[in-house]
Amino acid sequence: MKRKSVRIVAGIGGLVLFVAALTLLWRPGSGERAAYPVFGAEKVLAGIALPDEAPLPYLQWIRSEEYAALRPAEGVEATVLAVDYAEASPEALVERRSDRARGADVLDWSRSGGWVEWRIEVPRDGIYELELDYAPLKGGFSPVVRGVQIDGAFPFAEAERIGFSRLWKDSVYPYERNAIGNEIRPVQEERTEWRAERAANDALSSEPLRWALTAGEHALRLVGGQGAMSLHSIKLVAPREAPAYADYIRAQAADESGGEPWHRIVEAERYAFKSSVSIQLQSKSEPYISPDPQGKIVYNAIGGTSWTKPGERIGWEVAVPRSGFYAIDVKSYQGFNGRSSVFRTVRIDGSVPFREMQSYRFSPNRSMEISSLSDAQGQPYLFYLTEGKHLIEMVVDTSAVRPVTESLLDIGNRLLEIERDIRAITGNYGYGADQNLDTARTWDLRKFEPELEAELRRIVDRLQDACDYLNGLHQADTDSATALRVNADRLERLLDRFNDIPNRVTVFETVRISLNTWIQTIESQAMELDYLVVRTPDADPGLKVPDSWSKARYSAADFFRSFFHRYDATGAGGEDALTVWVQRGKDYVDLLELMIQQDFTPRTGIRVNVNLMPNTNVLLLGNVAGDQPDVALGVPLETPVDFAMRGAAEELSGYPGFEEVLGRFNPGLMRSYRYKGGVYGLPETQNYYMMFYRTDIFEDLGLAPPDTWDDVARILPTLQENGLTFNLPKKNFHIPFYQQGGEFYKPDGLQPDLTSEAGVAAFKSWTDWYRKFNLPKDIPVFIHHFRNGSIPIGVADFDMYIQLVVGAPEIEGKWKMVPLPGIRQPDGTVARWSHNESLVRLQEPSSLLVLNKSERKDEAWRFVEWWTSADVQSRFSSDIESFAGIAYRWNTANLEAMQTIPWPEEDLAALNEQDRWVKNMPYVPGYYYLAREIEFAWNLTVLGEMPAREALEKSDRSLAREMARKQEELGIAPGEHLTIAPYDKPYERRAP
């Protein structure tokens with residue numbers, strides 16, 4: 001069995017992590033000795049296999065001989081101005097300009113790609129920190145990311161992607177309120193001022209990243225990764241070493257805080273800045289919460305499950321009346337992750353005051369509690385503050401658990417290699433129900449894999465070490481440690497029946513998926529804050545936390561308040577106002593309502609009532625009962641034509657300016673809104689099917705991503721020889737049909753056309769992927785297999801992009817999204833036809849329609865014109881994403897506004913290419929039977945081995961019967977033409 005070489009590395013760089021772990025033997029508020037032993041990270045990291053050539057991970061690098069040979073470079077620094085760069089690639093698009101705020105010339109790096117290199121003279125051998133004086137340029141919500149190379153190489157693996165924060169604040173305060181008195185979540189405003197920030201990664205260390213440099217000239221290159229920035233200077237500076245608390249106290253000036261006790265409450269939601277828009281305000285309703293919402297939605301807390309990622313920080317400003325020592329209390333809830341603690345690094349005025357504030361542990365609780373930042377005996381730490389304003393920061397810090405996550409990632413990779421080796425030996429490349437098992441065969445696995453038994457035993461021991469480390473860190477038996485033990489037991493059972501492993505090979509995949517899932521839980525650092533208290537040591541603010549009796553009284557008061565509160569915004573704009581129902585979440589509706597008040601109503605004089613609509617059934621029932629809106633937003637793709645078939649939707653093509661409005665959308669997308677020659681709705685959002693692939697795995701295998709389906713067929717043998725495969729969801733039947741020139745209905749829209757020559761050819765080639773090429777027939781959750789590498793390529797909608805960015809940090813920078821494979825045409829182009837809709841209702845493109853019974857159709861049309869315009873959609877896209885980052889991405893259907901969404905350039909280019917090949921399915925009476933009948937035909941052919949044409953003909957007849965039945969129900973006369981126009985030319989974007 002091939003095995004990666006393991007480097008034995010040693011050094012003093014792990015001392016900080018070890019000391020931090022030892023401090024966890026005692027924690028605030030306990031008073032009892034810890035029940036769980038604590039040991040250093042070296043034991044957990046020891047088993048990680050490292051490649052010979054690639055840069056070491058940071059945690060191993062700071063333990064290496066190279067690092068240990070140098071000492072911190074105290075008392076020296078080296079500076080280079082950004083405008084004095086030596087070289088830059090054309091892709092970087094750099095430009096020198098004079099900056100008034102900085103009072104000097106600066107370098108604008110306007111694109112996220114390329115690289116810029118400087119020559120910098122290092123004064124002497126030593127360990128340095130890297131400080132950038134920069135300002136982010138507007139254009140996105142994610143941090144600016146750059147790689148750092150020294151003399152043409154990345155010193156350690158994580159140097160390829162280093163984040164430099166964007167800072168955000170609320171655009172308004174007090175917060176706006178809607179028509180029924182609930183607060184509206186404010187749009188975030190970026191703080192673009194200049195800042196000096198040291199390169200850091202709080203997933204790796206509580207301190208800035210360290211760089212080992214020898215004396216002399218070095219080439220320092222920044223490599224583009226994400227976001228645009230202005231640069232003033234780059235410095236190599238001496239590391240800042242935080243003192244121990246005892247030394248910190250001795251070093252302060254004499255205490256001048258004598259006088260009256262003093263305290264100041266700092267509301268957590270009134271922050272000075274936060275480093276991520278995803279850190280959300282929360283509305284809490286419980287006794288003694290500040291401020292009390294009194295039955296309304298009031299944003300009175302911050303954080304929770306939206307404040308979990310390493311490096312995310314919040315800063316608060318507070319002014320103290322005199323110089324002296326102060327204590328800091330925090331009212332917080334930390335019960336999101338069972339018995340696990342969370343860690344925050346606390347900074348005062350930009351730096352850690354003393355070592356104990358690095359990776360400070362907050363123990364779990366069951367409700368909001370007030371506790372001081374305190375030592376092992378529960379004595380509050382004292383912070384020396386001079387008279388005036390100060391900045392308190394809390395930074396999410398996962399460096400304490402990083403050794404475990406690195407070990408688990410390595411274990412997952414090793415299990416994948418073992419699984420591949422076993423599949424190669426046994427010839428079993430199937431997945432799920434397709435496992436090629438021969439239970440009657442007896443294997444002598446030790447003969448084929450003599451090292452396997454010892455390797456699995458080492459993995460079991462490593463999982464046990466990870467459990468013990470976590471329990472010592474958290475001083476509790478946590479859920480994540482229990483889950484790791486369960487996976488260790490699974491592998492133990494494999495060892496008990498060692499020669500039966502070939503027939504139980506799926507256990508490796510089960511363990512890998514479990515480890516990947518628990519990595520997220522282990523790294524989760526959710527914590528919710530109500531307020532902070534800065535006080536003199538003798539002050540007693542008299543603040544309370546809820547108990548059972550106060551909670552009961554508060555619940556009773558809330559119950560009685562509910563009889564008097566208004567919950568419906570109907571009529572808030574007056575009896576003659578336009579009524580709009582929206583099938584979306586509250587944040588979306590609040591923002592729409594705010595934009596209407598600020599822009600639409602002042603511009604047109606039309607007042608609007610906006611109401612939440614829980615589902616489309618409400619719209620249907622309201623239409624029957626005569627209580628319907630004028631405009632409905634957020635409805636599924638098929639709803640406008642569904643209503644049009646019943647005479648309930650307004651035909652829009654006759655309204656003034658319709659052609660201009662129509663030009664805002666892809667014509668292939670508009671096929672789903674046409675019926676009998678009319679247009680009955682418009683798209684709001686869209687959803688692309690794309691191809692995703694793991695760049696790291698493809699590089700290892702020497703493969704290029706496929707451009708056509710012939711390319712897919714060529715790479716499949718290599719993938720399958722390595723125990724890998726390609727994901728092609730069987731429900732995506734639109735793709736092969738449209739790419740091979742097929743249509744689902746005849747031009748009159750009254751008969752199916754599945755059995756045309758193009759249709760049969762498409763169906764046969766599609767089913768052959770599962771019959772002849774052995775693609776997996778059903779993969780319930782593709783992203784799990786993609787993350788652990790067992791299926792490193794496949795087709796998915798762009799929502800997978802969001803999931804990977806938000807929920808798969810362990811493969812950041814190791815995957816790409818590209819257009820779908822297609823069929824090469826005689827002129828050399830590749831036809832990538834695909835529908836623009838989702839198989840999952842929550843991700844489906846949303847639409848709008850005007851109701852036929854509306855008495856304000858002209859006003860409704862003016863609203864539709866406004867809402868679908870590029871400037872409005874662009875603002876809505878930007879503002880809604882500012883609420884919670886990319887998880888709230890509004891993928892607008894307006895083609896012009898889509899270009900303003902902060903996609904990375906490469907990803908936007910891929911989406912624009914796929915956008916050219918959008919070809920949506922028209923909706924006709926009985927359309928809902930199509931997917932069902934295609935699936936029946938697929939089952940008959942792939943599972944039942946019926947000839948493709950015979951299975952398709954059977955489904956064609958069944959679909960024809962249902963379409964005829966539905967036509968009769970809707971009163972469509974025989975021979976009536978529903979007008980399905982052909983569409984076979986890719987969309988060409990108009991020049992701006």
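On a predicted model such as this, the values are computed, not experimentally measured, just so you know.
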In plain terms, say whether [X] and [Y] are close enough for a salt bridge, that is, a side-chain N and a carboxylate O under 4.0 Å apart.
| X | Y | answer |
| --- | --- | --- |
| Arg512 | Glu419 | yes |
| Arg457 | Glu492 | yes |
| Arg462 | Asp410 | yes |
| Asp500 | Arg497 | yes |
| Glu417 | Arg414 | yes |
| Lys43 | Asp461 | no |
| Glu406 | Arg402 | yes |

Measure the [atom1]-[atom2] distance between [X] and [Y] for me, rounded to the nearest 0.5 Å.
| X | Y | atom1 | atom2 | value |
| --- | --- | --- | --- | --- |
| Ile715 | Phe698 | CD1 | CZ | 4.0 Å |
| Ser205 | Ile62 | OG | CD1 | 6.5 Å |
| Glu451 | Arg458 | CD | CZ | 7.5 Å |
| Ile459 | Leu495 | CD1 | CG | 9.5 Å |
| Leu59 | Ser64 | CG | OG | 11.5 Å |
| Glu160 | Arg146 | CD | CZ | 15.0 Å |

Shortest non-hydrogen separation from [X] to [Y] and the atoms involved:
| X | Y | answer |
| --- | --- | --- |
| Leu470 | Leu484 | CD1-CD1, 4.0 Å |
| Leu456 | Phe508 | CD2-CE2, 3.8 Å |
| Gly723 | Arg423 | CA-CD, 4.3 Å |
| Leu56 | Glu158 | O-OE1, 4.4 Å |
| Arg339 | His474 | O-CB, 4.3 Å |
| Phe726 | Ile791 | C-CG2, 4.1 Å |

Exam field: side chain [X] to backbone [Y], donor-acceptor pair closer than 3.5 Å:
| X | Y | value |
| --- | --- | --- |
| Asn727 | Val795 | yes |
| Arg210 | Pro239 | no |
| Glu528 | Ser332 | no |
| Asp465 | Val44 | no |
| Asp797 | Met690 | no |
| Asn487 | Ala483 | yes |
| Gln282 | Gly303 | yes |
| Thr426 | Ile422 | yes |
| Thr345 | Ser359 | yes |
| Glu509 | His785 | no |

Criterion side-chain contact (heavy atoms from CB on, under 4.5 Å) on Tyr36 and Leu473, from CA distance to verdict: CA-CA 8 Å; Tyr36 297 89; Leu473 193 67; over 6 Å; no

Residues Asp375, Glu356; criterion side-chain contact (heavy atoms from CB on, under 4.5 Å); working and verdict: CA-CA 8 Å; Asp375 63 16; Glu356 286 77 359; over 6 Å; no

Quick one: does [X]'s side chain get under 4.5 Å of [Y]'s, heavy atoms only?
| X | Y | value |
| --- | --- | --- |
| Ile513 | Thr517 | yes |
| Lys816 | Phe692 | no |
| Asp477 | Thr482 | yes |
| Arg347 | Val395 | yes |
| Thr725 | Pro792 | no |
| Pro143 | Phe164 | no |
| Leu728 | Met691 | no |
| Val396 | Thr308 | no |

Audit row: Arg446, Asn499, side-chain contact (heavy atoms from CB on, under 4.5 Å) steps and yes/no: CA-CA 8 Å; Arg446 291 177 181 87; Asn499 283 327; 3.9 Å; yes

Ring centroid separation Trp211 to Tyr67 under 6.0 Å: no

Ring center gap for Phe154 and Phe156 short of 6.0 angstrom: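 Judged by ring-centre distance (under 6.0 Å), Phe154 and Phe156 do not meet the cut-off.
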
Name of the residue among Ser165, Ser275, Ser306, Ser278 meeting side-chain hydrogen bond (donor to acceptor under 3.5 Å, both in side chains) with Glu312: Ser278

Cation-pi geometry met for Arg344 and Trp307 (6.0 Å, 45°):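 Yes.
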
Plane angle bin for Tyr801 and Trp815 - parallel if under 30°, tilted between 30 and 60°, otherwise perpendicular: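 Because their plane-to-plane angle is over 60°, the rings of Trp815 and Tyr801 count as perpendicular.
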
Criterion side-chain hydrogen bond (donor to acceptor under 3.5 Å, both in side chains) on Asn471 and Gln475, from CA distance to verdict: CA-CA 5 Å; Asn471 288 343; Gln475 288 302 287; over 6 Å; no

Stepwise side-chain contact (heavy atoms from CB on, under 4.5 Å) test for Ser206 and Tyr360: CA-CA 10 Å; Ser206 304; Tyr360 182 84; over 6 Å; no

